[in-house]
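All remarks here apply to the structure that follows.
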Amino acid sequence: MENRAGVGSQSNSITYMTSNRNKIKELIDKRAEARLGGGEKRIESQHNKGKFTARERIDMLLDEGSFEEFDMFVTHRTHSFGMQKNKFLSDGVVTGRGTIDGRVVFVYSQDFTIFGGSLSETFAQKICKVKDYAMKVGAPVIGVNDSGGARIQEGVRSLAGYAEIFQRNIEASGVIPQISSIMGPCAGGSVYSPALTDFIIMTEDTSYMFVTGPKVVQTVTGEVISTEDLGGANVHSTKSGVSHFLSKNDEESVLLIRKLMSYLPSNNLEDPPFMPTEDPIDRLGDRLNDIIPEDPNKPYNMYDVIHEIVDDEEFFEVQRNYSQNIIVGFARFNGRSVGLVANNPMSLAGVLDINSSRKAARFVRFCDCFNIPLVTLVDVPGFLPGSNQEYGGIIVHGAKLLFAYGEATVPKVTITLRKSYGGAHDVMSCKQLRGDINYAWPSAEIAVMGAKGAVEVLEGRAISKLDSEEEKAKYAMQKEEEYVEKFANPYQAAKYGFIDDVIEPRNTRFRIVRSLEALHNKKEQNPPKKHCNIPL
Ligand code: HXC
């Protein structure tokens, strides 16, 4: 018996070993099949367009060897249009988990080689799964978009799939950073998932986004327009502001994502990563003492100011080519991330208008969601006047920025470099919008309006009574000088404590670093509510 049992069990184990080997081989084969996506030909066609495949993009994005794929063996469940005979492992989207600089992120990357990356029900479920994991553990989600949109053969199930994704985008907003990279087509309703995320990166020449394509545009409106001119990366980086970053190719896109991640926490309960720096906190910026021109109407380069004061001259600008009268982006002071907002005197004299208000408001709100302190550099002559702006709703758009600053509870340090006039003064993180530390340079002009406008209002009647044009000009000039002397300086505001101190420009870095250190443990909360009603 014993002998027979022994023999029996030996022969069984040989059978198992053989079949286990077969099973492992089957697994390896299936993995290889999945990795081939839609097949060699379609991969070649993808490469010929200057694009990488979904998996290659993930490999470039994540730390080497860190990617763990989920749902590689998923296939679609459609029977219409003979689809049951046409199945590919992974079903057109590669999903999983990996790390960037050692920190966990969740990713999905649409695979154009399988049904043009079009979205099926199972495809959507895969994306939802990584989003759900990411929310459970508080890790960012990065999505790579390269898709022909809803998978036509799946009909409404595809639309439902999109809506499931949108809902998750909405719930994750403000909880975990969400980043969308557009590396191919992104059209129809599918543009709304990237639009619901925090940042969009578009790749030049190969990516486009629009709600309706050129053919529909022509049919409905008669307008003839190319894909690139309607929704290319350049259009969305300069005209619409939909895209936050423009890259030359897929490789540059992933580098931008990695860099962006270095400024962000993994979720809304964490602080951004600390990056030690050799840059001394008390480094003087001597050239700042001479940067403001004697003529108040002459511009200067705000980027020079930014580079002079931040760690290692490193400034990571967001929406660089859109609404350039305001500058927004990330930098560090003594190793800690900040969101930097600055008026740009080189573009429209740094006025606030509809687009700059929207751009800065969204950035301020992002920083506030993710515990990133705000540093604001002010040189703003006011709001852009005119019927275009009024008809476009500058009242509500300007209010967005005002709202965003007033709502923000992160540490807020504001430096007024030169002009800070009227409503724009209030909007740009003034003391009464819970600005924590407000400094001004000696060149600051903080007043209700500029001297010319003020004299026109206050002295208009007196001027009109004068006989000659010469007398009128002389009188107006004299009154303007008096006004400048009296009001266009930082001391009126400092007198009331609206400015905490007037500082020498070259000390700006040191003063900001010390302020941020002092504010590091700031805890401030808005009153409990369902949500605010920001003027959208
Ligand atoms: C199923 C699709 C597909 C789709 C492309 N394919 N889009 N399959 N559903 N939506 C398939 C093609 O049949 C082709 O299969 C392969 O993907 C590659 O497509 P090509 O057309 O050969 O590639 P290319 O010339 O580069 O053109 C890419 C494209 C084009 C511009 C994206 O395919 C296109 O216009 N597709 C349709 C886009 C669209 O209208 N989608 C629906 C939008 S409405 P084979 O087997 O030949 O290689 C929508 C609603 C969402 O998305 C709403 C959410 C709220």
Side-chain angles (χ1 to χ4, degrees), residues 36-54 57 74-94 108-128 131 143-170 180 182-197 200 202-220 225-233 235 242 250:
L36 265 185
E40 307 259 8
K41 262 198 172 162
R42 287 193 175 90
I43 291 177
E44 200 184 317
S45 150
Q46 180 87 344
H47 287 159
N48 290 341
K49 289 180 196 158
K51 304 199 293 184
F52 283 88
T53 65
R57 286 165 172 167
V74 163
T75 56
H76 70 73
R77 302 182 201 115
T78 307
H79 291 266
S80 323
F81 302 95
M83 284 289 276
Q84 69 277 16
K85 293 185 217 124
N86 200 6
K87 292 194 179 191
F88 294 89
L89 294 181
S90 82
D91 197 32
V93 64
V94 182
Y108 63 88
S109 179
Q110 298 174 342
D111 184 350
F112 193 82
T113 69
I114 298 178
F115 305 121
S118 58
L119 184 135
S120 68
E121 186 183 28
T122 44
F123 182 124
Q125 284 165 351
K126 286 181 65 173
I127 293 179
C128 290
K131 285 182 188 288
V144 179
N145 296 264
D146 185 359
S147 163
R151 189 169 301 164
I152 295 161
Q153 298 90 332
E154 299 234 352
V156 291
R157 282 180 298 144
S158 170
L159 299 186
Y162 271 119
E164 294 277 359
I165 294 171
F166 300 158
Q167 183 61 36
R168 281 163 177 80
N169 285 135
I170 294 161
S180 301
I182 316 297
M183 297 192 179
C186 184
S190 57
V191 293
Y192 286 111
S193 177
L196 292 166
T197 63
I200 294 179
M202 288 188 78
T203 310
E204 239 170 352
D205 300 330
T206 50
S207 76
Y208 55 84
M209 297 178 81
F210 37 65
V211 174
T212 45
K215 279 188 193 146
V216 179
V217 170
Q218 188 175 0
T219 312
V220 176
I225 190 160
S226 69
T227 301
E228 185 59 33
D229 287 344
L230 186 63
V235 163
V242 164
D250 291 1

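Whatever order the structure lists them in is the order used to number ligands and atoms, beginning at 1.
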Atom 30 (C) of ligand 1: any protein heavy atom closer than 4.0 Å
no
State whether any protein heavy atom lies less than 4.0 Å from atom 8 (N) of ligand 1.
yes
At what distance is the nearest protein heavy atom to atom 40 (O) of ligand 1, and which residue and atom is it?
G148 O, 4.6 Å
Considering only protein heavy atoms, determine whether one is less than 4.0 Å from atom 20 (P) of ligand 1.
no
Do any nitrogen or oxygen atoms of G189 come within less than 3.5 Å of a nitrogen or oxygen of ligand 1?
no
Look at atom 46 (O) of ligand 1 and say which protein heavy atom is nearest, naming residue and atom and giving the distance to 0.1 Å.
R42 NH2, 2.9 Å
Any donor-acceptor pair under 3.5 Å linking the side chain of S45 with the backbone of K41?
no
Around atom 52 (O) of ligand 1, find the nearest protein heavy atom and jot down its residue, atom name and distance.
A150 N, 2.8 Å
Below 4.5 Å, heavy atoms only, C-beta onward: do V217 and L230 meet side chain to side chain?
yes
For a 4.5 angstrom cut-off between non-hydrogen side-chain atoms, does Y162 reach S193?
no
Scan the protein's non-hydrogen atoms and note whether one is under 4.0 Å from atom 12 (C) of ligand 1.
no
Going by the atom numbers of ligand 1, which of them fall below 4.0 Å from some non-hydrogen atom of K49?
26 (O)
Quick check against the 3.5 Å criterion: does K126 have a side-chain atom that pairs as donor or acceptor with the backbone of Y108?
no
Give the intermediate values and the outcome of side chain to side chain donor-acceptor pair (under 3.5 Å) for residues E154 and T78.
CA-CA 7 Å; E154 299 234 352; T78 307; 2.5 Å; yes
Note: heavy atom closest to atom 17 (O) of ligand 1, options G116, G213, A163, belongs to G116
Indicate yes or no: at least one non-hydrogen side-chain atom of F166 is less than 4.5 angstrom from one of L196.
yes
Under a 4.5 Å cut-off applied to non-hydrogen side-chain atoms, are E164 and Q125 in contact?
no
Ignoring hydrogens, tell whether any protein atom lies closer than 4.0 Å to atom 25 (O) of ligand 1; use the non-hydrogen atoms only.
no
Would you check if the side chain of S109 reaches a backbone N or O of V93 as a donor-acceptor pair within less than 3.5 Å?
no
Quiz question for you: does at least one protein heavy atom lie closer than 4.0 Å to atom 35 (O) of ligand 1?
no
For atom OH of Y192, is the number of surrounding heavy atoms from other residues, nucleotides or ligands below 6.0 Å larger than 12?
no
Is the contact between S118 and ligand 1 made by the side chain, the backbone, both, or neither, using heavy atoms and a 4.0 Å cut-off?
side chain
Could you pull out, from F115, F166, F112, Y162, the option with a heavy atom nearest to atom 2 (C) of ligand 1?
F115
Using modelled atom types and a 3.5 Å cut-off, is there a donor and acceptor pairing between side-chain atoms of R151 and backbone atoms of F123?
no
Indicate yes or no: does an N/O atom of P185 lie under 3.5 Å from an N/O atom of ligand 1?
no
Side-chain (S158) to main-chain (L119) donor-acceptor, under 3.5 angstrom:
yes
Side chain, backbone, both or neither: the part of Y208 lying under 4.0 Å from ligand 1 by heavy atom
side chain
Give the contacting part of L159 toward ligand 1: side chain, backbone, both or neither, where contact means a heavy-atom distance below 4.0 Å.
side chain
With the threshold set strictly below 4.0 angstrom, can you tell me whether any protein non-hydrogen atom sits that near atom 48 (O) of ligand 1?
yes
Please write down residue, atom name and distance for the protein heavy atom closest to atom 1 (C) of ligand 1.
Q153 OE1, 3.3 Å
